[in-house]
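Shown next, in structure tokens, is the structure this report addresses.
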Amino acid sequence: MVADDGETSLRARKRRRTQDTIADCALRLFEEKGYDAVTVEEIAAAADVAPRTFYRYFPAKEDVILGNPDGRAASAAALSQRHPGESDAEFVTRAMLAGLIAGDPERTARSYRLIQSVPALQARMFRLMWGSDQQQFVDALLEGTEQTRDAELRARVIAHAVSDTLRIAATWWLQGHQTGTLADACDKAMSYLSEAVHG
């Protein structure tokens, strides 16, 4: 028997509540004991789930911090539609920023603070930014264009320039004790990049 929309929605809400509980418990433990000192078993116990349930939601401990389904969905939604008169850099910036600010703001800020203090998380984040996560922005820029080496180079330059600028803005925002909003810090950083490029 096929489940109706109500049952499907209920399962999705229960799944999301479990995911959020695991993430909140993990963040609390990381902040209290330090990231390296916390095990998956401790997180599972704090969230009142079995370790195998933890792995059903997060492939590894680091994915509690770096695995952001809300961010990926927000970026994908932004990439699905261009705004009239929008430059390629503006397009990528809007999509990346949508991913950065998606989800619960407090949890996002806590996660960024943790990333700044744990070299292993920073290294994984950079691999994601320069790897598969980055590719979706390159692909979006190349869509509908002639697939040439120069076109790919141009798309990669734009995507990496924007992602590095937003990463620096997020770090600056965290070090400034979250003065203003993350979006404001990113907008300011992008204006500096545009000013430097265009003189």
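Within a 6.0 Å radius of CG in D139, more than 12 heavy atoms belonging to other residues, nucleotides or ligands are found. Counting non-hydrogen atoms of other residues, nucleotides and ligands closer than 6.0 Å to CD of E106 gives a total of 12 or fewer. Heavy atoms of other residues, nucleotides or ligands lying less than 6.0 angstrom from CD of E31 number more than 12. For Q81, the CD atom counts as loosely surrounded, since its 6.0 Å shell holds 12 or fewer non-hydrogen atoms of other residues, nucleotides or ligands.
S194 places no side-chain N or O within 3.5 Å of a backbone atom of S191 that could act as its donor or acceptor partner. Looking at T108, its side chain does come within 3.5 Å of a backbone N or O of D104 through a donor-acceptor pair. In this structure a side-chain-to-backbone donor-acceptor pair under 3.5 Å is missing from R94 to A98. For the pair Q134 (side chain) and A159 (backbone), a donor-acceptor distance under 3.5 Å is present.
Side-chain N/O atoms of T21 and D24 include no donor and acceptor closer than 3.5 Å. Counted by atom type alone, R156 and Q135 present one or more donor-acceptor pairs between their side chains at under 3.5 Å.
Both V197 and I158 are members of a single hydrophobic cluster when ILVMFWY side chains are connected at heavy-atom separations under 4.5 Å. The hydrophobic cluster containing F91 does not contain L142, counting ILVMFWY residues as joined when their side-chain heavy atoms lie under 4.5 angstrom apart, directly or transitively. Both V40 and L114 are members of a single hydrophobic cluster when ILVMFWY side chains are connected at heavy-atom separations under 4.5 Å. Tracing side-chain contacts under 4.5 Å through hydrophobic residues (I, L, V, M, F, W, Y), one reaches I43 starting from Y55; they form part of the same cluster.
Taking both residues in full, the closest heavy atoms of T93 and L166 are given as O-CD1, 4.3 Å, listed atom of the first, atom of the second, then distance. Heavy-atom minimum distance, W173 versus G180: NE1-O, 3.3 Å. Nearest approach of L79 to A95, heavy atoms of both residues: CD2-CB, 3.5 Å. Nearest heavy atoms, R56 versus R15: O-NH2, 3.8 Å. Listed here is the closest heavy atom pair of A77 and S80: O-OG, 2.6 Å. Smallest separation of non-hydrogen atoms from L141 and A155: CD1-O, 3.5 Å.
For F30, the ring-ring contact (aromatic ring centres under 6.0 Å, His included) test picks out Y35, with sequence neighbours left out. Under the salt bridge (charged side-chain N to carboxylate O under 4.0 Å, His left out) criterion, E90 pairs with no residue, sequence neighbours left out. Listed by chain and number, the residues in a ring-ring contact (aromatic ring centres under 6.0 Å, His included) with F58 are F54 (sequence neighbours excluded).
Using a 4.5 Å cut-off on side-chain heavy atoms (C-beta onward), V64 and L27 make no contact. Taking the side chain as every heavy atom from C-beta outward, Y112 and L182 approach each other to under 4.5 Å. With contacts defined as side-chain heavy-atom distances shorter than 4.5 Å, the pair T39/K61 does not qualify. Residues V162 and F137 form no side-chain contact, since every pair of their non-hydrogen atoms from C-beta on lies 4.5 Å or further apart. Proximity of L121 to L66: side-chain heavy atoms (C-beta onward) are separated by under 4.5 Å at one or more points. Within the 4.5 Å cutoff, no side-chain heavy atoms of S75 are placed close to those of M96. No side-chain heavy atom of E152 sits less than 4.5 Å from a side-chain heavy atom of Q147. Residues R11 and K14 fail the side-chain proximity criterion, which asks for heavy atoms closer than 4.5 Å.
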Task: From CA spacing to verdict: side-chain contact (heavy atoms from CB on, under 4.5 Å), I115, I65 - done: CA-CA 8 Å; I115 290 169; I65 304 300; 3.6 Å; yes
TODO: Start with the C-alpha distance between R13 and S9, add both sets of side-chain angles, then the distance that settles side-chain hydrogen bond (donor to acceptor under 3.5 Å, both in side chains), and finish with yes or no.
DONE: CA-CA 6 Å; R13 289 197 301 272; S9 178; 2.7 Å; yes
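Going from atom CD of E195 over to atom CE of M190 covers 12.5 Å, rounded to the nearest 0.5 Å. In this structure, CH2 in W172 is found 10.5 Å from CD1 in I168, a value given to the nearest 0.5 Å. Rounding to the nearest 0.5 Å gives a distance of 4.5 Å between CG of L97 and CD1 of I101.
Using a cutoff of 4.0 Å between basic side-chain nitrogens and carboxylate oxygens, D20 and R16 are scored as salt-bridged.
Applying the side-chain hydrogen bond (donor to acceptor under 3.5 Å, both in side chains) test between R154 and each of T145, D88, T148 identifies D88 as the sole match.
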